[in-house]
Structures are given as structure tokens and as C-alpha cells.
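Data first, discussion second: the structure below is written as C-alpha cells.
As the structure lists them, so they are numbered: ligands from 1, and atoms in each ligand from 1. Note: hydrogens, waters and symmetry copies are ignored here, and every other heavy atom, side chains too, is used. Given the structure is predicted, the values throughout are model-derived calculations rather than measurements.
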Amino acid sequence: MSTPPSPTSSGGPSSPRRLPDNHFLSIPRPTFLAPRPPTHAPDVSTLAGADYDVDVRTGFMPPSPPLMHLPEEYAPWQKVLDDAVRSELRVGDKRDTTGADIDKAERWRAHVRELAIISIDHLQRNILLLRRAHQVLASIMHFYVHSVPPPSDPSTPLRVPAPIAIPLVAVSHELGVTPILTYADTVLWNWDVIDPSRPVDVDNVRCLTLFTGTESEEHFYTVSAQLELRGVEALSIMRSSLDEAFVGDSLAVRRISAYLSRLALVIDDVATVMMRMFDGCDPHVFYTEVRPWFRGSAGSGRKWIYEGVSSVEAATSEDLSGPSAGQSTLVHALDVFLGVDHTSHSHSASTPTTSLTRAPTFLQQMEKYMPGPHQAFVHNLSSSAHQIRPLVLAQPAGSELTLAYDRAVLALKRFRDSHIRIVTVYIVSQRARAEREAREEREKAGEVVKRRAVGEQADIRGTGGTQLVPFLKETRAATLRTVVGKKT
Ligand code: HEM
């Protein structure tokens with residue numbers, strides 16, 4: 001990022017205001033104090049830039065709308081995807097999916113198996129085409145694996161046919177991302193501007209639906225895209241703060257304090273944007289129609305076999321999660337920048353651990369689902385020689401810097417409060433409703449059905465395979481533990 005925008009004193013989700021010209025943050029530093037990193041230190045001078053695929057205006061989203069078409073040679077992929085959407089394929093293990101739905105899906109699946117295996121040679125070195133290819137192939141794969149009825153033996157592997165598996169693994173390799181549908185496919189690479197004469201901003205994007213064509217699905221993706229755009233300012237604040245941390249003098253401390261206070265407002269805005277979810281994404285439609293398409297192989301009890309793929313490559317496609325906004329680099333970056341330590345909860349996440357190994361946290365596990373350059377961004381941020389938290393801890397309690405730091409951390413905690421409210425409405429309550437309806441149906445048929453005891457919680461899993469309620473509460477608790485002063 002070449003020039004960070006000045007932090008502003010206030011502003012709503014999409015209307016940051018400028019600082020007055022005489023504000024101390026508007027005064028340039030004397031040039032002899034300009035930070036110059038030592039050659040052995042990681043370069044934190046540009047947290048945005050081509051190397052990380054981060055844009056000064058759009059952050060982790062590409063600066064212009066992603067391609068929606070592939071060259072003619074790849075038209076067969078596009079056609080089978082369009083056919084799946086047009087024929088309104090239904091998830092195979094839903095109670096109301098009919099035999100006719102299953103037959104229709106099977107006819108479509110046969111076309112997928114009969115596709116020729118197309119080389120990705122003509123996509124290579126063109127990142128825009130590779131992204132579109134990943135999105136198309138991963139979407140076809142999710143339609144393919146989820147439109148079949150459940151097998152009689154629930155551990156029967158799911159086979160992804162070679163015409164999809166081979167190019168998907170190859171394209172994923174080029175992009176440094178996993179061969180499964182990711183947050184990048186559903187959000188970062190899945191949008192267009194509403195009004196092309198206006199810049200890309202929070203209120204000028206919409207996402208192009210893929211699975212159900214419902215307004216709820218489109219809104220679900222669009223809110224995440226809007227949130228990414230509102231978060232762009234946080235990236236420039238991080239960069240400016242790290243530059244100042246390198247200098248580390250008293251002026252730097254004052255400046256970082258102002259940046260962190262501004263960051264708190266930006267994070268609150270990001271949370272406000274997230275709550276727009278309620279404006280257009282119906283919780284029941286989301287839970288019953290949209291979310292089932294997202295499921296990955298992790299935690300499903302079924303192995304997904306990528307046919308025609310070498311055993312080495314196949315190892316990278318085992319136990320993968322479906323898309324989750326938990327793969328958003330923006331939120332990871334905020335955690336890393338503020339020094340939120342999630343390691344203590346790794347035991348309650350999906351990966352088992354032994355006393356000799358420390359399991360990666362959920363957030364670390366999610367990094368491999370991010371595009372390669374964004375993973376590099378997070379690594380660079382976390383390996384920066386000049387971190388904010390140690391600087392804060394070195395200040396006296398109640399100082400301007402510690403107060404500002406806590407404001408930012410508490411804003412992130414409030415973001416997680418809001419997120420838990422969303423998850424409660426969109427998943428926990430919907431799951432309870434689905435169970436109640438299934439029970440009533442069975443009771444109507446004369447069965448005696450055991451009810452869950454009061455206080456007994458369902459084992460509800462996220463698309464990332466976590467036990468989501470304890471996981472999200474622990475993630476929030478880790479954020480609160482990061483506060484250095486009063487935890488309110
Ligand atoms: C209807 C809307 C949403 C639902 C139902 C939802 C659901 C979930 C679930 C179930 C998890 C647990 C991890 C997993 O197993 O996948 C999760 C994690 C997460 N989600 Fe969401 N989410 C929603 C919207 C969002 C949005 C818009 C964002 C913003 C980027 C977001 C950011 C995160 C993050 C960062 C995590 C990791 C845990 C954390 O850092 O607190 N989610 N979400």
C-alpha cells in the first residue's frame with residue numbers, strides 16, 4: 001500500500017471522515033526518522049501490494065470484478081455448471097428431496113463423468129482465469145457430491161470424477177489454495193459492481209449466486225464482500241502502526257494510540273456491516289437450502305476420492321472443510337496484529353493433539369483455504385520484528401496506548417459477540433427447529449421419540465468441522481483475555 005489514508009475521527013460503515021489538517025497525525029514525520037527495516041527483518045513496509053494480492057482500495061478482494069467466463073476451450077465446464085444451476089438440483093440427503101430430483105441429479109452427474117479431461121495449460125500464468133476455473137470446478141464438485149442420496153453404509157467414499165478432480169487439483173496447486181470450495185470462491189472471486197460508473201465500495205457490490213439462486217444466498221455472500229471492503233481501512237492502519245512500532249519513540253507511541261482508537265471504530269463498523277445479514281438472508285432458507293451445499297469432507301465420516309490424482313496430491317485433498325467466513329484473511333489479520341492468542345483452545349477444536357505436539361488452532365487450520373498470497377500476508381504480519389502487543393505491555397497501565405489498544409481488542413470482542421448472535425439465529429435455532437419438526441413427524445407416525453434433556457446441547461458442527469458453540473465462545477474468550485486493562 002503506497003500511502004495509508006489518514007485515520008479519521010469518526011464515521012459510519014461507508015463514510016470515513018478526513019482528519020483536520022492541523023491534527024498531529026496529518027503532520028509528516030521528519031525524513032531522518034522514516035523507518036528503514038534492517039535487511040534481515042521481514043519487510044513490513046508494505047502490508048499491501050502485488051506480492052500479497054492485497055489492493056489499496058479493495059483489500060483482499062481483487063480491485064476489479066472477477067472474470068465470469070473462461071475461454072471457449074473450457075466451455076464444457078461452464079456448461080455443466082450452468083446446467084446444474086438451471087435444473088435447480090437439490091441436496092440428495094434432504095427429507096423433501098424426491099425420487100424425481102434424484103433421477104434428474106443422476107442424469108446431470110453422468111454428464112460430469114463423461115466430460116473430457118481438459119488440460120489447464122491455457123489457464124496457467126493468468127491468475128484471473130485460474131480463479132474462475134477454481135470457482136467453476138469446485139462448484140461442480142460440490143453439486144456432484146451433495147446431489148446424491150445418502151448411501152446405505154454411511155462410510156462409503158464419495159468419488160469425484162477425474163474430469164473435475166484432475167484440473168481442480170492442478171488449478172488449486174497454481175493458486176496455492178485447497179481443492180475444495182472456499183471463501184475466496186464464494187465471496188472474494190464472486191462479485192460484480194452494481195453501478196459500473198461508481199467505484200467498488202460497500203454499497204456498490206453484489207455477488208453472483210451459484211447453488212440455489214435464492215436472494216438469501218446472494219445476500220449471504222454479499223454481506224461478507226461488503227465487510228471485506230469496509231475492513232480495507234484496517235489494513236492501512238496496521239501498516240502505519242507497524243511502521244511506527246519500528247521507530248518506537250514517544251511520537252510513535254502517540255501515533256499508534258491514535259491508529260488503534262481509529263481501528264476500534266473500523267472494527268465496530270465491520271460488525272455493523274455483518275449485522276446486515278439479517279436484512280436479506282432468511283435463516284431458514286440459509287440453513288435448509290444454502291448451507292448443505294457447503295459441506296466439505298472434514299468431519300463427514302466419508303472420504304472424498306479425487307479420481308486420477310496421484311497419491312501425493314490426493315493427500316492434500318483429504319479432510320477438507322467447506323467454505324466458511326472463518327477463512328477471511330481480514331479477521332485473521334486483526335487477530336495477528338493485536339496479538340490475540342488462540343492456542344489455548346486448540347484442544348477443543350477438531351484436531352486431536354498429544355502432549356508432544358501442539359495442534360494448530362482453527363484459525364491456523366483455515367489459512368490453507370486462503371489464496372497463497374494471503375497466507376503469505378498473514379505469515380509476514382505474524383513474523384514482523386516489531387509487534388504492537390509487546391510495545392503495549394511495556395507501557396504503564398492506564399497509558400494512552402494501553403487504553404487505545406484495549407479499545408481495539410474490545411471492538412474485536414464485540415464483533416465476536418455479534419457473530420455468535422448470527423450463528424445462534426442461523427444455525428443453532430435452525431437446528432433445533434429441524435429436530436423438532438423431524439420429531440413431530442415421527443411422533444405423528446406413532447413412534448416414541450426420546451427428547452434431549454434440558455441443558456443437553458446438540459453436537460452442532462460448523463462447515464469448518466468445529467463443535468461450533470464451544471469453539472466460538474472460546475474464540476471470544478481468547479479475545480477478552482488479550483485486554484491488558486479492565487475487561488469491559
Ligand atoms: C449467516 C452468517 C454466518 C454464519 C451462519 C456463520 C457461521 C460460522 C460458524 C459455524 C463458524 C465456526 C467455524 C466453522 O466450523 O465453520 C464460524 C466461524 C467464523 N466466522 Fe462466521 N458465520 C457467518 C457469517 C460470518 C461473517 C459475515 C464473517 C465475517 C468475515 C464471519 C467470520 C467468521 C470467523 C472469523 C470465524 C472464525 C471464528 C472467529 O474468529 O471468531 N462469519 N462462522
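Annotation for ligand 1: atoms under 4.0 Å from non-hydrogen atoms of Phe220 are 1 (C), 2 (C), 3 (C). Near Leu227, with a cut-off below 4.0 Å to any heavy atom, the atoms of ligand 1 are 27 (C), 29 (C), 30 (C). Interface atoms of ligand 1 facing Thr475, defined by a heavy-atom separation under 4.0 Å, are 39 (C), 40 (O), 41 (O). Taking every heavy atom of Val331 and a limit of under 4.0 angstrom, the matching atoms of ligand 1 come to 35 (C). Heavy-atom contacts of Leu468 reach the following atoms of ligand 1: 10 (C) (cutoff under 4.0 Å). Contact atoms of ligand 1 toward Ile422: 1 (C), 2 (C), 3 (C) (distance under 4.0 Å to a heavy atom of the residue). Residue-ligand proximity, Ser224 to ligand 1, at heavy-atom distances under 4.0 Å covers atoms 27 (C). Atoms of ligand 1 found under 4.0 Å from any heavy atom of Phe286, numbered from 1 in the order shown, are 5 (C).
Counting heavy atoms only, Ala325 comes closest to atom 28 (C) of ligand 1 of the residues Pro323, Ala325, Ser418. By heavy-atom distance, the residue among His419, Lys473, Gln327 lying nearest atom 20 (N) of ligand 1 is His419. Of all the listed residues (Val290, Val423, Leu412), Val423 holds the heavy atom that lies closest to atom 9 (C) of ligand 1.
For Thr479, the side-chain contact (heavy atoms from CB on, under 4.5 Å) partners are Val340, His342, Val409, Leu412, Lys413, Arg416, not counting sequence neighbours. Partners of Leu472 under the side-chain contact (heavy atoms from CB on, under 4.5 Å) rule, at least two apart in sequence or in another chain, are His419, Ile420, Val423, Leu468.
In this structure, CG in Asn190 is found 9.0 Å from CD in Glu218, a value given to the nearest 0.5 Å.
The 12-atom threshold is exceeded at CZ of Arg302, counting heavy atoms of other residues, nucleotides or ligands nearer than 6.0 Å. Within 6.0 Å of CD in Glu88 there are 12 or fewer heavy atoms belonging to other residues, nucleotides or ligands.
Only the side chain of Met277 comes within contact range of ligand 1, with a heavy atom under 4.0 Å; no backbone atom does. Neither the backbone nor the side chain of Val223 comes within contact range of ligand 1; no heavy atom lies under 4.0 Å. Heavy atoms of Ser324 found under 4.0 angstrom from ligand 1 belong exclusively to the side chain. Contacts of Ile427 with ligand 1, taken as heavy-atom pairs under 4.0 Å, involve the side chain alone.
Asp185 pairs with exactly one of Gln135, Arg132, His134 by the side-chain hydrogen bond (donor to acceptor under 3.5 Å, both in side chains) rule, that one being His134.
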field: From CA spacing to verdict: side-chain contact (heavy atoms from CB on, under 4.5 Å), Leu320, Trp304
entry: CA-CA 9 Å; Leu320 296 179; Trp304 291 17; over 6 Å; no
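Ring centers of Tyr287 and Tyr426: at least 6.0 Å apart, outside the cut-off.
The shortest N or O to N or O distance between Arg416 and ligand 1 is under 3.5 Å.
A donor and an acceptor atom, one from each side chain of Thr272 and Asp269, are nowhere located under 3.5 Å apart.
Note that Arg291 lies outside the cation-pi zone of Phe286, set by a 6.0 Å cut-off to the ring centre and a 45° limit from the axis.
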